[in-house]
Undergrad: 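Next up is a structure, given as structure tokens.
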Amino acid sequence: MSKKQIVYPYIPNSVPAVKDAMLKAVNAKSVEDFYADIPESIRFKGKLNLPEPFLSEAALTRHVEGLLSKNQSTRDVLSFLGAGCAQHYVPAVCDEVNSRSEFLTAYAGEPYEDHGRFQTLFEYESMMGELLNMDVVNVPVYDGFQATATALRMAGRITGRNIALLPATVMPDKLSKIRDYLKPDMQVELIPFDEGTGLMDMSALKNQINAQTAAVFIENPSYLGFLETQAEEIGKIAHANRAIFVVSVDPISLGVINPPVEYGGDIVCGDIQSLGIHMNYGGGHAGFIASRDEEKFVMEFPSRLFGVATTSVEGEYGFGDVAYERTSFAVREEGKEWVGTAAALWGITAGVYLALMGPQGMEELGRGIMQRLRYAVRKLNQVAGVKTRFSVTPHFKEFVVDFNGTGKTVEQINQALHERGIFGGKDLSAEFPSLGQCALYCVTEVHTQADIDTLVNAIAEVTK
Amino acid sequence: MKHETKTHGAARAVAPKPALRRFHQARWDEPIIFELSVAGQRGVLPPEPEAAIVETAGDVFDNLPASLKRKTAPELPEMSQLHVLRHYLRLSQENLGVDLNVDVGQGTCTMKYSPKVNDQLARSHKLSELHPLQPLESAQGILEVMYKLEGMLKEISGMERVTLQPGAGSAAIYANISMIRAYHEARGEGAQRNEVITTAFSHPSNGAAAKVAGYKIITLPPDADGYPDFDALKAAVSKRTAALLITNPEDTGIFNPRIEEFVRLVHSVGGLCSYDQANANGILGITRARDAGFDVCHFNLHKTFSTPHACGGPAAGACGVTKEIAPFLPTPTVEFDGAKYYLDYNRPQSIGKIRPWYGVAPNLLKAYAWIMSLGADGLREAAEIAVLNNNYLLHQVLKIRGVSAPYAQGKRRIEQVRYSWEQLASDTGVHSEEIGWRAADFGTHYWLSHHPFVVPEPMTLEPTESYSREDLDEYARILNHIAEEAYSNPEIVHTAPHNSAIHRIDQESFDDPEAWAVTWRAYKRKYKK
């Protein structure tokens, strides 16, 4: 049986007559001519063992939708999962803009073809700058883990020192990334936290900081959700020791929480997933790094920094790369770390989000999250055997629920909650064994009073 | 109203439509978004907490120290929803996506068509609203996609395992070098093996990422034929060699036929070989990384496997490794026990995390869907047509005055070519960069080369399988037209672009700390006192 000739919709020149005419035009007998340089010894013989394709779009859609239907989304159930990836409301305009072909399918053009990309990313930097009260913000890196790792390396280069002090409450996954990334040049030391408040042990900080300390790092809010209320003092200690104070923030908190520069932060970093980007099973992250507009900081960024400039027409704005010579694009391994494709469209999206929210929206949203969190905390503390940890300390968005008094494990509780259509908080028992059976819960503006009440009632039921 | 045609014709005031497209980009003169702000306007309203929440919560700032309470609201723009949307849509019209142009000019970038259906599938809340920590039994669909995509990439590369965790190509390069470092450390050779060898035509991130990982970088120059210099490699390898990071074909589009000798030589001194497969688009199903002896490799899923480039990400990278390197893969791996898919964190030799969670899931779905829409025959067709398109375009471009394709004279190329306008520049004084600016006037992209420019006055074109013969002819006609202008009327090229959203940008401020402005607040501080 002769094989049916397939013309692929994504491959216009797969039309046999066209292919033949093009081969003839370049005096080739077959496509084999083009592969003449590939030695026989490494030629792949035969046909790749791949599944039979779904050639029609209709069949493909049915297949993929069939796979996706096996997933239960946070729209199908009630979720209180966070741990650095949170369910926030994504305004329709965010998705509308990032779905546009003009942005979604563009790449690395010059400002003369891709002015829109340059301006939208400059505006993203600028709106983040307003949120952070800082004059320099980068085009996004991959995620918040990368942003932190790079911020610490920047501190190492600026100070010529090689130790970074981190709070022991940092997410172990993030710590793993940071350790791997800093390994050849810098060491990471952890500062213990107070078991009652969650806050950094200040005497330990004072003991551990020394002339080798490049950076003191804190998260505000921390991985465990509490705000580091000693931030200003920690910054002073860092500065007294000529170390750089690096602060990671959740940008969605900054409508109500002070930006780190106001309490001494030198380099500020974090993840922008909260700003109008769907969770995407953990694929919705992008990282930012910000600093004051000082040459010694700016020259240590590996990322692209889009700047605004004049053009040959008065009144017109153009954009371009600031201090390009510091990048690996310009000078390869002599540049600062590396720069490459990362997460630009999420940056554009976060810009759309901030423009939609405006100052008032960010303030209302931040306050609303703190109110819901406190409501949840107060309600949960009324459940027998259940209490929230570190509750003397103010929190934003995430908080630790202690189930040690229930005689049940978080795993058992979460399984029972899932049966009731609820994704309970992240089990912390493996990451923080000293906390015993604790879970990290997250509440955002998507949660209603009824949602929280449903959770509290379900927890009361399953811990009985 | 046929009789009107004549009078209409006679009344024409505009020159007749020329052979080339009279592209003109939208020029909205769109202000910086802050200039559109009107005090009090709102774009979206956040959901208000219910009265009982507000009442129970009380003053949520009561235990917040003054240092942590924001005092003045951020000066974000205040805009109605339509005005935000309109601003961004206008800017979108001043941006050139693949979907709108013959995007063969961004060589090395593999600007292929990203099928709309895949974007649509990935927007399903059954993916977009999944939390990475939700119970595994509630995420079996996406885990199956990841597991099966790994399987397909294993087959395409010949490797034992593939991780989908890296966020993009350079992150995948870094993951590979980090695994190589762990491998040598596990054998007690970590300190001894402190050099990485790469090539002048490799992507800059190979050397740059390896340097971050602590290595000294040795760069092999091209030899007279454009191949990485084998004698230079012989001189470079030693017991200090941790790895060779190499691309094949390199950005010249020339396949290095001695690649097995390169690999054998590095292996003979105990080094590993890492294959940057950013340029895999022409060799899918033709030759595989493992078959040439490589220990690790990586693919850019946003290039070869069609997930959109998104203005520079979100992207996705995939690293393939041999059995020997597999223990060092990032955690977790996606596994299947015959009944269900799960995540394996129990990998004691792992390098740990490269990024949060498991990878850029929506792009993994898109890559999976792309492969599933083509199958083995379709992938090979994509590769073969990409190569045919490239050789066809090469044939057309070489007819143009002033351009050449250095190296490997008379040979065919794989999926791209690095050209040189050296002749044209010396004849006319018009530089490659200016040709690019002029190309913008015809609604196309154009790219020179990575730095440093080994090829003088470079231009890199990569047509992929997505473009028709007519598209390629059009691109060649544009280049021919610009070359003719360079010889007859160079001023029009020197002063380009003419039809873009903006005019020639003043570059001086970008390298001057006193003058640069990375944010609007910095601009206002420096210029609007």
Side-chain angles (χ1 to χ4, degrees), chain A residues 11-12 26 31 34 37 42 48 50 53 67-68 70-73 81 91 97 100-102 105-107 112-113 115-117 126 129-130 135 142 176-177 184 232 263 278 281-283 295 305 311-313 318 322 328 332-333 338 340-345 356 358-359 365 370-371 374-375 449, chain B residues 43-44 46 50 53 57 60 67 73-74 78 88 91-92 94-99 126 128-132 138 140-141 167-168 170 204 207-208 211 214 217 255 292 309-313 315 352-353 357 360-361 375-376 384 387 395 412 440 468 497 500-501 503-505 513 516 519-520 522:
Chain A
I11 313 178
V26 299
V31 287
F34 308 131
D37 282 344
I42 60 169
L48 290 170
L50 297 176
L67 287 172
L68 292 178
K70 298 178 189 175
N71 299 331
Q72 215 176 5
S73 93
L81 283 164
V97 170
R100 296 288 298 192
S101 274
E102 293 86 343
T105 71
Y107 196 25
Y112 302 115
E113 304 99 70
H115 176 72
R117 160 173 142 263
S126 298
E130 294 302 334
D135 279 4
Y142 307 110
S176 166
K177 161 75 189 186
E232 191 167 27
Y263 52 81
H278 297 277
Y281 200 52
E295 193 177 358
L305 301 170
T311 77
S312 56
V313 172
V322 164
S328 63
R332 301 174 70 88
E333 66 270 14
W338 74 78
T341 299
L345 191 60
L356 288 167
L365 189 85
M370 291 180 79
Q371 287 167 323
R374 194 176 271 190
Y375 176 82
Q449 184 194 348
Chain B
V44 286
E50 293 84 343
I53 288 183
V60 289
S67 60
E78 297 176 74
Y88 280 94
L91 290 174
S92 81
E94 298 176 342
N95 212 59
L96 211 47
V98 166
D99 290 352
K126 291 284 190 183
S128 67
E129 292 296 337
L130 258 48
H131 190 283
S138 68
Q140 287 293 300
S170 298
K211 188 162 180 213
I217 310 303
F255 193 90
H309 289 69
C311 282
K353 299 298 293 181
W357 321 117
V360 184
E384 290 181 356
V387 174
H395 189 80
R412 307 288 190 175
S468 67
S500 287
H503 300 81
R504 200 69 73 82
I505 300 158
W516 67 39
T519 53
W520 187 241

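Every chain is numbered from 1 and lettered A, B, ... according to where its sequence line falls, protein lines coming before strand lines.
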Undergrad: Residues in salt bridge (Lys or Arg N to Asp or Glu O under 4.0 Å) with E129(B), at least two apart?
TA: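 In terms of salt bridge (Lys or Arg N to Asp or Glu O under 4.0 Å), with neighbours along the sequence ignored, E129(B) is linked to R75(A).
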Undergrad: Supply the atom-to-atom distance E102(A) CD to D99(B) CG, rounded to the nearest 0.5 angstrom.
TA: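 E102(A) CD to D99(B) CG: 8.0 Å, rounded to 0.5 Å.
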Undergrad: Which heavy-atom pair separates S170(B) from G340(A) by the least distance, and what is that distance?
TA: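 Closest approach of S170(B) to G340(A): OG-CA, 4.1 Å.
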Undergrad: Could you pull out the closest heavy-atom pair between G282(A) and W357(B), with the gap in Å?
TA: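 Looking at all heavy atoms of both residues, the closest pair is CA-CD1, 3.3 Å.
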Undergrad: In terms of heavy-atom pairs under 4.5 Å, which option from A440(B), G313(B), G43(B) contacts chain A the most?
TA: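 Option with the top pair count is G313(B).
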Undergrad: Look at G358(A), A106(A), S328(A) and state which one has the largest set of heavy-atom pairs under 4.5 Å with chain B.
TA: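 Among G358(A), A106(A), S328(A), the one with the most close pairs to chain B is A106(A).
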Undergrad: If we ignore hydrogens and angles and just use 3.5 Å, is the side chain of S500(B) paired with the main-chain N or O of E113(A) as donor and acceptor?
TA: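 No: the side chain of S500(B) does not pair with the backbone of E113(A).
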Undergrad: Please report the closest heavy-atom contact between P204(B) and R332(A), naming both atoms and the distance.
TA: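 Scanning both residues, the minimum pair turns out to be CB-CG, 3.9 Å.
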Undergrad: Against chain A, work out which of A168(B), P46(B), G312(B) has the most heavy-atom pairs shorter than 4.5 Å and name it.
TA: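 Of A168(B), P46(B), G312(B), G312(B) has the most heavy-atom pairs under 4.5 Å with chain A.
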Undergrad: Within the distance-only criterion (no hydrogens, no angle test), does the side chain of S67(B) pair as donor or acceptor with the backbone N or O of Y263(A) below 3.5 angstrom?
TA: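 No, the answer is negative, given that no donor and acceptor are paired below the 3.5 Å cut-off.
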Undergrad: Among Q72(A), E295(A), E130(A), single out the residue with the greatest number of heavy-atom pairs under 4.5 Å to chain B.
TA: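 Option with the greatest count: E130(A).
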Undergrad: Go through G167(B), A315(B), A522(B) and name the one with the most non-hydrogen pairs under 4.5 angstrom from chain A.
TA: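 Heavy-atom pairs under 4.5 Å are most numerous for A522(B).
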Undergrad: Taking K126(B) for its side chain and N71(A) for its backbone only, find out whether a donor-acceptor pair lies under 3.5 Å.
TA: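 Looks like yes, one N/O pair under 3.5 Å.
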Undergrad: Between V387(B), V360(B), V60(B), which has the largest tally of heavy atom pairs under 4.5 Å with chain A?
TA: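 Between V387(B), V360(B), V60(B), the count favours V60(B).
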Undergrad: Kindly compute the distance separating CH2 (W338(A)) from NZ (K211(B)), expressed to the nearest 0.5 Å.
TA: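 Going from CH2 on W338(A) over to NZ on K211(B), the span is 13.5 Å.
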Undergrad: What residues form a side chain to side chain donor-acceptor pair (under 3.5 Å) with K70(A), not counting sequence neighbours?
TA: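 For K70(A), the residues satisfying side chain to side chain donor-acceptor pair (under 3.5 Å) (neighbours in sequence not counted) are E144(B).
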Undergrad: Any chance you could measure I53(B), atom CD1, to Q449(A), atom CD, to the nearest 0.5 Å?
TA: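 Here the interatomic distance stands at 5.5 Å.
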Undergrad: Of the listed residues (G375(B), A208(B), A73(B)), which shares the most heavy-atom pairs with chain A below a 4.5 Å separation?
TA: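 Looking at each option in turn, the highest pair count goes to A208(B).
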Undergrad: Which atoms of R100(A) are under 4.5 Å from chain B, going by heavy atoms: the side chain, the backbone, both sets, or neither?
TA: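 R100(A) touches chain B through side-chain heavy atoms alone.
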Undergrad: Specify the closest pair of heavy atoms between S176(A) and G352(B), including all atoms of both residues, with the distance to one decimal.
TA: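 So the two residues come closest at OG-CA, 3.3 Å.
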Undergrad: State, yes or no, whether a side-chain contact exists between I505(B) and Y112(A) at a heavy-atom distance under 4.5 Å.
TA: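 When only atoms from C-beta onward are counted, Y112(A) and I505(B) do touch, with a gap below 4.5 Å.
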Undergrad: So which residue, T105(A), V97(A), L345(A), ends up with the most heavy-atom pairs under 4.5 Å with chain B?
TA: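 Result: the option with the highest number of such pairs is T105(A).
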Undergrad: What pair of heavy atoms forms the shortest contact from N95(B) to H115(A), and how long is it?
TA: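 Distance-wise, the nearest heavy atoms are OD1-N, 4.1 Å.
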Undergrad: With a 4.5 angstrom heavy-atom cut-off, which part of V31(A) approaches chain B: side chain, backbone, both or neither?
TA: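 Looking at V31(A), just its side chain touches chain B.
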Undergrad: Heavy-atom pairs under 4.5 Å with chain A: which of A57(B), G141(B), C311(B) has the most?
TA: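 When all of A57(B), G141(B), C311(B) are compared, C311(B) has the most.
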Undergrad: What pair of heavy atoms forms the shortest contact from P74(B) to P359(A), and how long is it?
TA: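 Nearest heavy atoms, P74(B) then P359(A): O-CB, 3.2 Å.
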